[in-house]
Engineer: 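Pasting a structure here, questions to come.
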Protein chains: 2
Amino acid sequence: METTYTEENYLKAIWSLSTKSGKGVSTNKIAERLETKASSVTDMIRRLSEKGLVDYIKYQGVKLSDEGREVAVRVIRKHRLWESFLVDKLGFNWDEVHDLAEQLEHIRSTELTDRLDSFLGNPKFDPHGDPIPSRDGSFPERERRLLQSFGPGDEIIVTGVSDSSVAFLQFLNRMKLELGTHLRVVEHIDFDQSMLVQREDGNEQLLPQGVVSQLLVTEKLN
Amino acid sequence: METTYTEENYLKAIWSLSTKSGKGVSTNKIAERLETKASSVTDMIRRLSEKGLVDYIKYQGVKLSDEGREVAVRVIRKHRLWESFLVDKLGFNWDEVHDLAEQLEHIRSTELTDRLDSFLGNPKFDPHGDPIPSRDGSFPERERRLLQSFGPGDEIIVTGVSDSSVAFLQFLNRMKLELGTHLRVVEHIDFDQSMLVQREDGNEQLLPQGVVSQLLVTEKLN
DNA sequence: ATATATTTTTAGACTAATCTAAAAATTGAA
DNA sequence: TTCAATTTTTAGATTAGTCTAAAAATATAT
């Protein structure tokens, strides 16, 4: 299956906007992510659907097919390996490499990807702490601990919840916390066990005790 | 000046088809090189001309403008640096890297190119023996001539090929000829323009006309 | 020098990806 | 539940790059 750069970018966007809930990803969400228009997204989704890369029902959003997911994960593997290369070998800072990796991730060669992987020493996580899929598409496991066990300065990624009640999940949603959200701990507030954290956009947010004691996170390995 | 991948490929083709004679490069030659049709070439030349990247007179062929040459040389610099990376760091053979470098040469980032350059130790020549332009676009010197211009007793080093088709490179590989191979000319075989040479291990080898007329070598000055 | 062959350009059409504007479907609030 | 707001899709146009077929220009051979 031949895929264009653009198709790969759509598949990647759908992958990262997908949730375990099983709901389709909405046209507008994809448009926003890719900085394009909803009408363009509809067109592209139709093309991807004809190629069997996504399952699509009009007005109901879109999901990746098995084949579409494979393509997306292969692109993500390349993206994260190139980011590792740029930081570990060329000395870029981890916050400078995203746009470059967006270009490099479309280079077509399994052989190159695999050689790059071993040149880098088969890293399991990229410079942002995100897991690098292996050749067969499987993601490495990460050690997860409760948010409360971290302290000021620690950088973490939300990777799960120990209480999966609907109410808790909805509350997380309201707090704009989801899987993959990156946070930096600013401080513990001792008197009520809440925690001040900083988001990627620089804004600070206060997380109540209920969240701090239930949220599973993974430490970012820089 | 923003250039597309396709424009860059045209500029590169025009660069490599240009001769010192100062004549314009013909539409058909470009079409053949890029495996496209003459009509497509005419269209693209017109676009490049409007952008000021080439000088073009209908029916008289095309020449690179100063700005077009700069773009072409920057792409060539990237191509050759990536080839060096693939061979020196990832362990590819020098006859396997061309198609990959054709993709990598379009990655847009002067910063990346310069960091790659220093990561590789600022190489002057790529794995095919071709000179790598420096950041400012200047080529390193090295006097190379075709093997056929040498005579009995001359000692030379293989430093490049004037035909870098995959078939030719693979043939050289089969003949155990690679960059840096040292040879001594034994004799010209006049009737079919082949050449008898002696290798460092003392063995003699007959090189067919196709090799003798395409292999670039540098004289060994002892 | 003139007819023929070759090269180059033009005309018109196609595809991928995009856009704007408007229509259709869905969602949500009174 | 019904009507307004929002989301999504459709219709039609645009751009880059390509093609085929035919016309125009140039080169070549007798």
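Here is how names work: the chains are called A, B, and so on, in the same order as the sequence lines, proteins then strands, and each is numbered from 1.
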Engineer: Using the side-chain heavy atoms of Lys37(A), tell me which of these nucleotides is nearest: dT20(C), dT8(C), dT18(C).
Structural biologist: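 Out of dT20(C), dT8(C), dT18(C), the nucleotide with an atom closest to Lys37(A)'s side chain is dT20(C).
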
Engineer: Side-chain contact, heavy-atom cut-off 4.5 Å: Arg108(A) with Tyr5(A)?
Structural biologist: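 Yes, at least one pair of side-chain atoms sits under 4.5 Å.
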
Engineer: Just compare dA16(D), dT18(C), dT9(D) and give me whichever is closest to any side-chain atom of Thr4(B).
Structural biologist: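 My answer, after comparing the listed nucleotides, is dA16(D).
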
Engineer: Report yes if a side-chain nitrogen or oxygen of Asn28(A) is closer than 4.0 Å to either non-bridging phosphate oxygen (OP1 or OP2) of dT8(D); otherwise report no.
Structural biologist: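 Looking at the OP1 and OP2 atoms of dT8(D), one of them is under 4.0 Å from a side-chain N or O of Asn28(A).
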
Engineer: Choosing from dT10(C), dT18(C), dT20(D), which nucleotide comes nearest the side chain of Asp43(B)?
Structural biologist: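 My answer, after comparing the listed nucleotides, is dT10(C).
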
Engineer: Kindly indicate whether the side chain of Ser26(B) and the base of dT8(C) share any N or O donor-acceptor pair separated by less than 3.5 Å?
Structural biologist: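 Such a pair does not exist between side chain and base.
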
Engineer: Is the terminal nitrogen or CZ of Arg115(A) (NZ for Lys, CZ for Arg) located under 6.0 angstrom from the six-membered ring centre of Phe92(B) and within 45° of that ring's axis?
Structural biologist: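 The answer is yes, since Arg115(A) meets both limits relative to Phe92(B).
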
Engineer: Of the nucleotides dT18(D), dT7(D), dA25(D), which one has an atom closest to the side chain of Tyr59(B)?
Structural biologist: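 Between dT18(D), dT7(D), dA25(D), the one nearest the side chain of Tyr59(B) would be dA25(D).
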
Engineer: Okay, side chain of Ser65(B), backbone of Leu53(B): is any donor-acceptor separation there less than 3.5 Å?
Structural biologist: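 Looks like yes, one N/O pair under 3.5 Å.
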
Engineer: Of the listed nucleotides (dA16(C), dA11(D), dC19(D)), which one gets closest to any side-chain atom of Ser40(B)?
Structural biologist: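 That would be dC19(D).
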
Engineer: From CD of Glu32(A) over to C1' of dT6(D), roughly how many Å is that when rounded to an integer?
Structural biologist: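 My rounded result for the distance is 14 Å.
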
Engineer: Does Phe119(B) have Lys89(B) sitting over its ring (NZ/CZ under 6.0 Å from centre, angle to axis within 45°)?
Structural biologist: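 Lys89(B) over Phe119(B) ring: yes.
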
Engineer: Does NZ belonging to Lys51(A) count more than 12 external heavy atoms closer than 6.0 Å?
Structural biologist: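 Check passes, neighbour count above 12.
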
Engineer: Counting side-chain heavy atoms from C-beta on, which of dG17(D), dT18(C), dA24(D) comes nearest to Glu7(B)?
Structural biologist: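 That would be dG17(D).
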
Engineer: Which part of the nucleic acid, if any, lies within contact of Tyr5(B), taking any heavy atom under 4.0 Å across all strands shown: a base, the sugar-phosphate backbone alone, or nothing?
Structural biologist: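 No contact at all - Tyr5(B) keeps every heavy atom at 4.0 Å or more from the nucleic acid.
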
Engineer: Lys58(A) or Glu35(A): which one's nearest nucleotide on DNA chain C is closer to the 5' end?
Structural biologist: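 Going by which nucleotide is closer to the 5' end, it is Glu35(A).
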
Engineer: Quick check: on DNA chain C, is the nucleotide nearest Gln60(A) upstream (toward 5') of the one nearest Arg47(A), or the reverse? Name the residue that is more 5'.
Structural biologist: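 Final value for this comparison: Arg47(A).
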
Engineer: What is the separation between atom NZ on Lys29(A) and atom C1' on dT7(D), rounded to the nearest whole Å?
Structural biologist: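 Taking atom C1' of dT7(D) as the reference, NZ of Lys29(A) is at 11 Å.
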
Engineer: What's Ser39(A) touching, base or sugar-phosphate or nothing? Going by heavy atoms closer than 4.0 Å.
Structural biologist: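 Since a base atom lies under 4.0 Å of Ser39(A), the category is base.
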
Engineer: Of the options dT9(D), dT8(D), dC19(C), whose atoms approach the side-chain atoms of Thr36(A) most closely?
Structural biologist: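 Closest nucleotide to the Thr36(A) side chain: dC19(C).
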
Engineer: Under 4.0 Å: is that the gap between some side-chain N or O of Thr6(B) and OP1 or OP2 of dG17(D)?
Structural biologist: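 Answer is yes, contact under 4.0 Å.
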
Engineer: With respect to the side chain of Thr42(A), which nucleotide from dA25(C), dT10(D), dG17(D) is positioned closest?
Structural biologist: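 Closest nucleotide among those given: dT10(D).
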
Engineer: Looking at dT9(C), I'd like to know if its phosphate oxygens (OP1 or OP2) sit under 4.0 Å from a side-chain N or O belonging to Tyr56(B).
Structural biologist: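 Yes, such a contact exists.
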
Engineer: Please report the distance, rounded to the nearest Å, between CD1 in Ile45(A) and C1' in dT7(D).
Structural biologist: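 To the nearest whole Å, that distance equals 15 Å.
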
